[in-house]
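Note sheet for the following structure.
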There are 2 protein chains.
Amino acid sequence: MEATADVISDHGIANTSVTRIIERAGLSRGMVHLHFQSKEDLLVGVARHMSEQYYAKLDGFLSQAGPKPQDKLEAIVTADLSEEILTRKSVNIWYAFRGEARSDNAFMAYSDTRDDALRNLIFETYLEIAAQSENPEMLARDATHGTIALLEGMWVDFFLHSDQFNRATAKRIVFRFVAALFPQAFDLQDGGPEKPN
Amino acid sequence: MEATADVISDHGIANTSVTRIIERAGLSRGMVHLHFQSKEDLLVGVARHMSEQYYAKLDGFLSQAGPKPQDKLEAIVTADLSEEILTRKSVNIWYAFRGEARSDNAFMAYSDTRDDALRNLIFETYLEIAAQSENPEMLARDATHGTIALLEGMWVDFFLHSDQFNRATAKRIVFRFVAALFPQAFDLQDGGPEKPN
DNA sequence: TATATTTATGGACGATTGTCCATTTTTGAA
DNA sequence: TTCAAAAATGGACAATCGTCCATAAATATA
């Protein structure tokens, strides 16, 4: 399955054949249908693996974060742009599946990197920060929407221009947006701790 | 070629065969190689067409925009999220090509929706707005980076949840980011005209 | 109308696809 | 050591792939 991920990353899904997979894995032709019902099953397995890996690594960052909502949020953004999660191979695979997701419902289930679970976590975190604001719910909703869009956009930037991409810059820009929405909770430093002024 | 675009949108590139294309187009088998050197040539043609269409429609919006840099910027964001540019079919095709771009250098040339030309236009526009700021170049660079990332993220949001997507909301959130960076040049209204205060 | 040129057709080609299965090899318990 | 169960092999299969080309139809020129 690791070999399959490599092949997808290098050649895209359209050019991922059983022949190429078993060549890369050093196995024989029949193995694919011994462990998986079909080639599609194998691909779906890879897609699910990507999703699980994303959340496993994200949880690693979250568990080391402080108790404040600002800490949680910084952990999420940092994780999302970290070398552990955002790699050339991982984005290649993510976007390869995305491209085929429309035609394959099984892929669709795993093509939303930051799905409802993470979306809700971010929303609840923002809601906590925005508690004393005028319209906390809408502010939190906008902040969630914008943050996820920014992160997604940074991934695409990494995907298209990974040689010029800079994680610290990306993180700084994301937090510039966050800080603008919550001037009391965040300062403009590099995603740093809160400075209630 | 229009038929090819339809097939890609519906079935993804992996499942786009010559048979399916000629069925959809109502033509015969040999036509593909009469008008195009190969199937790949045809696909590259579609990719180029997408890129040309994007810029053609964007120019339509820009030509109707006012003279102020704020007007230009609003035109760009509005166009990018408009019903003319951002459609289910168009995003399906864009992301289908993206997924295969890594393995095909010809696709790579057209996979960057908002390429250097637009990036520079946005940067120059921001530079104009940021002229009297402390560090105009860095501010304009960050604003360009963030704006493009936000737009890209909104596209992905539309791609994954087109049924829940709301253009006005997306636009509002983008301008919330922009307004935060340039409080003197933009007010917080829905992408509205500038309010120098 | 007769002829030359362009455009379109669809059957056939070898190559490659995903899948299957009769074998062989390896493993582990008796 | 013996033998049944599990794992792995790789050749063969029908189907489909992209490509090609000998024709036929349509169009333009004389």
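Computed from heavy atoms alone, side chains included, the values below leave out hydrogens, waters and symmetry copies. So that the names make sense, note that chain A is the first sequence line, chain B the second, and so on, each numbered from 1. None of these values were measured; they are calculated from a predicted model.
- Listed by chain and residue number, A/M50, A/T87, A/W94 satisfy the side chain to side chain contact (heavy atoms under 4.5 Å, CB included) test with A/S90 (two or more places apart in sequence, or in another chain).
- Taking A/T144 as the reference, nothing meets the side chain to side chain donor-acceptor pair (under 3.5 Å) condition, with sequence neighbours excluded.
- The side chain to side chain donor-acceptor pair (under 3.5 Å) test applied to B/S111 returns no partner, not counting sequence neighbours.
- Counting only N and O atoms by type, the side chains of A/D115 and A/Y55 include a donor and acceptor under 3.5 Å apart.
- Computed from C1' positions of five pairs at each end, the angle between the two local axes of the helix from C/dT1-D/dA30 to C/dA30-D/dT1 equals 10°, rounded to 10 degrees.
- Taking the six-membered ring where tryptophan is involved, the planes of B/W155 and B/Y95 are perpendicular, since the angle between them exceeds 60° and thus also 30°.
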Side-chain atoms of residues 131-140 of chain A: list all donor-acceptor pairs with protein atoms under 3.5 Å, sequence neighbours left out, distances to 0.1 Å.
unit_1	atom_1	unit_2	atom_2	d
A/S133	OG	A/N135	N	3.3
A/N135	OD1	A/M138	N	3.4

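- Distance CZ/A/F159 to CG/B/D112: 10.5 Å, rounded to 0.5 Å.
- Reading DNA chain C from its 5' end, the first and the last nucleotide to sit under 4.0 Å from a heavy atom of chain B are C/dA8 to C/dA12.
- The stretch residues 97-107 of chain B has no heavy atom under 4.0 angstrom from DNA chain C at all.
- A/S51 contributes no side-chain N or O that, together with a main-chain N or O of A/R48, makes up a donor-acceptor pair within less than 3.5 Å.
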Heavy-atom protein contacts under 4.0 Å, nucleotides 15-28 of chain D, coded B base, S sugar-phosphate only, - none: --SBBBB-------

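- The side chain to side chain contact (heavy atoms under 4.5 Å, CB included) search around A/H33 returns none, not counting sequence neighbours.
- Applying the ring pair (Phe, Tyr, Trp, His ring centres under 6.0 Å) test to A/F158 and every residue at least two apart in sequence or in another chain returns A/F165.
- With sequence neighbours left out, B/E124 forms a side chain to side chain contact (heavy atoms under 4.5 Å, CB included) with B/L127.
- A/D157 meets the side chain to side chain donor-acceptor pair (under 3.5 Å) test with A/H161, B/H145; sequence neighbours excluded.
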